[in-house]
Engineer: 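Before I ask anything, let me first share the structure, which is written out below as structure tokens.
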Amino acid sequence: MIVRELELDLDAFEGPFDLLLTLVLKEEVDLADVDVAGIVVRFVERLAEREKLDLDACGEFLVLVAALLELKARGLFEDEAAELADLEPEEAAEELARRLAEYRRMKEAAGWLAERLAAEGDRFFRLGPAPLAPALERRLAPQDPEALANVVRLLAAEPPAVSLAHMALRFPPVAQFLERFRALLSRRSRFDFDTEIDGLSRAEQAIAFLALLELRRANQISISQAAPFAPIRVSRVEQESAAVNERTHAWNVRSA
Amino acid sequence: MERPLRLVTANPLDQLARTLEALLVVASAPLPVEELTAAADDERERIELALGLLAERYHEGRSGIVLEAVAGGWAFRASREASEACGRLFERPVQRGLSQAALETLAIVAYLGPCTRPEIARIRGVAADSAVAGLVERGLITESGRDDGTGGAVRYRTTPMFERVFGLESLSQLPRLDDLPGDVDDLRERLHAVAEQRSA
Amino acid sequence: MERPLRLVTANPLDQLARTLEALLVVASAPLPVEELTAAADDERERIELALGLLAERYHEGRSGIVLEAVAGGWAFRASREASEACGRLFERPVQRGLSQAALETLAIVAYLGPCTRPEIARIRGVAADSAVAGLVERGLITESGRDDGTGGAVRYRTTPMFERVFGLESLSQLPRLDDLPGDVDDLRERLHAVAEQRSA
């Protein structure tokens with residue numbers, strides 16, 4: 001089974017998986033709108049149709065979906081990047097899962113409200129005072145002027161200092177890695193992906209990986225890996241052969 | 001409760017009368033016959049017949065809801081019989097306090113002098129439209145010219161009623177803010193600076 | 001029209017019911033039983049009995065005026081039967097529906113409120129400013145002080161108008177979050193189904 005050809009039928013997108021990734025990378029599809037669970041279910045269904053467990057496909061799929069999920073989760077909690085980065089990976093995953101669950105519940109609640117509004121929307125009631133009602137005279141009890149002073153003090157109080165640590169850790173755009181890898185390949189014909197991303201956060205590594213996929217899709221690089229979990233080697237594709245290959249294999253990122 | 005229903009159902013105008021009841025209970029101004037006719041999508045004569053029916057049903061002494069023809073059209077009102085109860089409902093105990101939004105808006109106008117809605121919104125960090133409208137309605141603030149002479153936004157200042165409610169002889173009696181700049185321009189600057197920090 | 005009157009006059013609660021009708025037709029917001037009791041100057045049990053009587057009389061299908069328990073009180077509204085006619089003359093409280101962003105924001109404020117814009121943004125993952133402003137403008141949410149009572153962000157809560165528009169007696173009528181159909185379960189089921197197919 002070829003993961004990139006996995007046919008998807010989601011609310012936000014219909015078509016092969018590789019096209020979805022491309023559109024996400026080009027920011028033509030908002031990742032927030034993509035139902036990743038739907039992709040997983042579709043993949044598992046396809047997998048179940050087969051006689052044999054396709055380990056290669058599973059591995060590739062896991063990598064891609066993990067990257068998508070992390071991107072999506074980061075997109076949802078951009079401002080929390082710093083806070084989450086301080087946590088252990090398991091804690092961060094737990095925290096993200098908790099918040100995603102909270103958001104999901106609120107989406108459910110929003111769905112309930114939408115249904116309720118549709119069902120109750122034809123209830124008309126008076127929005128203003130009654131036509132012949134006695135004029136409403138709202139007399140105000142005497143007020144303490146000190147309340148005014150307190151409110152001004154409140155408005156003049158310095159807000160608690162906000163940590164700006166996350167500014168430095170802000171999620172780098174894919175383009176940043178594209179440039180970085182292109183620059184690297186202009187100096188060297190090949191490099192070791194794992195060495196390049198060493199020391200980066202997991203989210204940054206995921207982005208770097210997506211940048212790698214984008215370069216491969218544009219046929220500017222070829223990727224090889226000696227064995228699962230072995231270092232990923234990235235080589236520059238020479239211009240002539242690049243032109244030939246342009247139309248044929250847009251994606252070819254399978255573990256060797 | 002059974003008999004009147006059957007009586008009403010027998011009347012071909014019944015459904016129309018129910019529609020008119022519904023329109024009248026939602027209206028916040030008397031409804032002219034033309035508007036009722038258009039909304040009910042029926043003939044004028046039938047509307048008038050149905051109104052006659054309703055006027056009989058919603059009649060002083062028979063019902064707490066009374067249908068009345070007034071200058072602008074038809075409207076429901078409370079029966080006179082219930083006027084004492086309505087009086088108690090509307091002259092409810094004086095309102096205790098002001099909402100936080102109202103208090104903040106009032107304090108800004110009181111301490112900074114005439115200000116516009118955009119300025120109040122900037123200092124508070126949220127739109128001030130409804131708070132300003134509420135305070136104007138209660139007579140605690142009032143319009144006071146426009147920013148930059150003519151073209152700008154409307155400015156608001158506090159009223160003598162404000163001074164009465166807060167027990168002040170004049171604005172100069174406002175409590176002093178010892179910890180804050182005494183000068184109005186400096187205070188204004190401080191409030192703007194903090195608001196900017198808060199929204200950052 | 002004679003018979004029902006005599007019937008009603010025979011009922012000792014009749015005058016009280018008429019008084020309540022009068023109060024309800026002039027009130028501009030749902031009236032809690034306590035307020036009705038105070039205004040009618042009667043006993044609470046009798047008020048509740050009279051309300052039951054009125055709820056039967058002003059009932060969907062029987063009358064164009066419908067009495068309902070909503071937003072913590074009692075209020076008249078138009079019957080659904082007449083909604084088309086009402087639509088020709090009046091604006092719906094929420095005229096053009098609500099966007100997904102507005103619905104999510106409203107859900108967060110209804111379930112977790114009072115809460116601030118930053119809190120809403122944290123849950124939704126995107127800024128909530130325009131959604132909050134839109135909901136305030138529609139009168140579905142309103143300011144409710146500031147965070148921690150300090151100069152923090154403004155907090156918001158839902159209004160009685162929200163409960164009225166959505167036909168809720170109170171916020172406690174919102175479904176428990178656990179009871180909402182979660183597609184998590186659906187997902188788990190589908191995965192199980194696939195797994196079973198596999199082992200079969």
Side-chain angles (χ1 to χ4, degrees), chain B residues 1 3-5 7-9 15 17-28 31 35-36 38-42 53-54 56-59 61-66 76-90 92 99-101 104 124-127 129-131 194 198-199, chain C residues 1 3-5 7-8 15 17-28 31 35-36 38-42 53-54 56-58 61-66 76-90 117 132-133 136-137 139 142-146 151-156:
Chain B
M1 292 270 98
R3 231 178 294 224
L5 289 176
L7 254 179
V8 168
T9 320
Q15 196 182 341
R18 288 211 300 266
T19 303
L20 298 185
E21 281 177 347
L23 291 167
L24 289 163
V25 86
V26 177
S28 44
L31 294 174
E35 273 188 41
L36 286 168
D41 196 20
D42 212 310
L53 212 74
L54 290 176
E56 225 170 282
R57 188 184 307 166
Y58 296 108
H59 193 274
R62 276 182 212 164
S63 154
I65 303 175
V66 174
F76 282 140
R77 65 166 169 83
S79 69
R80 289 201 190 90
E81 194 185 39
S83 60
E84 219 175 296
C86 288
R88 278 192 289 268
L89 184 71
F90 279 86
R92 236 171 308 161
S99 71
Q100 179 77 7
E104 287 179 13
R124 296 195 54 232
V126 285
D129 300 18
S130 68
V194 170
R198 204 185 299 123
S199 66
Chain C
M1 294 266 97
R3 229 178 298 223
L5 289 175
L7 253 179
V8 168
Q15 196 183 341
R18 287 210 302 268
T19 301
L20 298 185
E21 280 177 347
L23 292 169
L24 290 163
V25 86
V26 290
S28 38
L31 295 173
E35 251 178 84
L36 285 168
D41 195 21
D42 211 310
L53 214 72
L54 290 176
E56 226 170 279
R57 188 183 308 167
Y58 295 107
R62 273 184 215 163
S63 157
I65 304 175
V66 172
F76 282 141
R77 65 165 167 85
S79 69
R80 277 158 193 270
E81 196 185 38
S83 64
E84 209 181 309
C86 287
R88 286 192 205 106
L89 201 53
F90 309 109
R117 278 185 297 188
V132 166
V136 168
E137 204 179 312
T142 188
E143 287 182 35
S144 173
R146 287 182 185 267
V154 168
R155 276 193 279 197
Y156 296 88

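Proteins get letters first, then strands, A, B, ... in listed order; numbering begins at 1 in each.
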Engineer: Using non-hydrogen atoms only, which part of Ala101(B) is less than 4.5 Å away from chain C: side chain, backbone, both, or neither?
Structural biologist: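 Contact with chain C involves both backbone and side-chain atoms of Ala101(B).
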Engineer: Rounded to the nearest 0.5 Å, how far apart are CD1 of Ile65(C) and CD1 of Ile65(B)?
Structural biologist: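 Ile65(C) atom CD1 to Ile65(B) atom CD1 measures 4.0 Å (nearest 0.5 Å).
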Engineer: Considering only heavy atoms from C-beta outward, does the side chain of Val136(C) approach that of Val126(B) to under 4.5 Å?
Structural biologist: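 With C-beta onward as the side chain, the pair stays apart.
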Engineer: Is chain C contacted by the side chain of Leu20(B), its backbone, both, or neither, given a heavy-atom distance below 4.5 Å?
Structural biologist: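 Contact with chain C is absent: no heavy atom of Leu20(B) under 4.5 Å.
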Engineer: Measure Ser79(B) against the heavy atoms of chain C and call it side chain, backbone, both or neither at under 4.5 Å.
Structural biologist: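 Looking at Ser79(B), backbone and side chain both touch chain C.
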Engineer: Pick whichever of Arg124(B), Arg77(B), Glu35(B) has the most heavy-atom pairs under 4.5 Å with chain C.
Structural biologist: Arg124(B)
Engineer: If you tally heavy-atom pairs under 4.5 Å against chain B, which of Ala22(C), Gly139(C), Ala78(C) wins?
Structural biologist: Ala22(C)
Engineer: Might you point out which heavy atoms bring Ala85(B) and Ala40(C) nearest each other, and give the distance in Å?
Structural biologist: CB-CA, 4.3 Å
Engineer: Return the CD to CZ distance between Glu21(B) and Phe76(C), rounded to the nearest 0.5 Å.
Structural biologist: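 Reported value, rounded in 0.5 Å steps: 10.0 Å.
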Engineer: Can you see which heavy atom on Phe90(C) is nearest to which on Val26(B), and at what distance?
Structural biologist: CD1-CG1, 3.6 Å
Engineer: Quick check on Ala133(C) against chain B: is it the side chain, the backbone, both or neither that has a heavy atom closer than 4.5 Å?
Structural biologist: neither
Engineer: Is Ala38(C) in contact with chain B via its backbone, its side chain, both, or neither, using a 4.5 Å heavy-atom distance?
Structural biologist: backbone
Engineer: With distance as the sole test, does Arg18(C) use its side chain to make a donor-acceptor pair with the main-chain N or O of Gly64(B) at under 3.5 Å?
Structural biologist: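 The answer is no, because no donor-acceptor pair under 3.5 Å joins these two groups.
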Engineer: So which of Arg117(C), Glu143(C), Glu84(C) has the largest heavy-atom pair count under 4.5 angstrom toward chain B?
Structural biologist: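 Winner by heavy-atom pair count: Glu143(C).
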Engineer: Look at Ala82(C), Ala27(C), Ala39(C), Cys86(C) and state which one has the largest set of heavy-atom pairs under 4.5 Å with chain B.
Structural biologist: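 Sorted descending by pairs with chain B, the first entry is Ala39(C).
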Engineer: Would you give the length of the straight line joining atom CD of Gln100(B) to atom CZ of Arg155(C), rounded to the nearest 0.5 angstrom?
Structural biologist: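 Those atoms lie 9.5 Å apart.
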Engineer: Counting only heavy atoms closer than 4.5 Å, note whether Val25(C) contacts chain B via side chain, backbone, both or neither.
Structural biologist: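 Answer is side chain: those atoms of Val25(C) sit under 4.5 Å from chain B.
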Engineer: Please report the shortest heavy-atom distance between Arg88(C) and Asp41(B), naming the atom on each side.
Structural biologist: NH1-CB, 3.5 Å
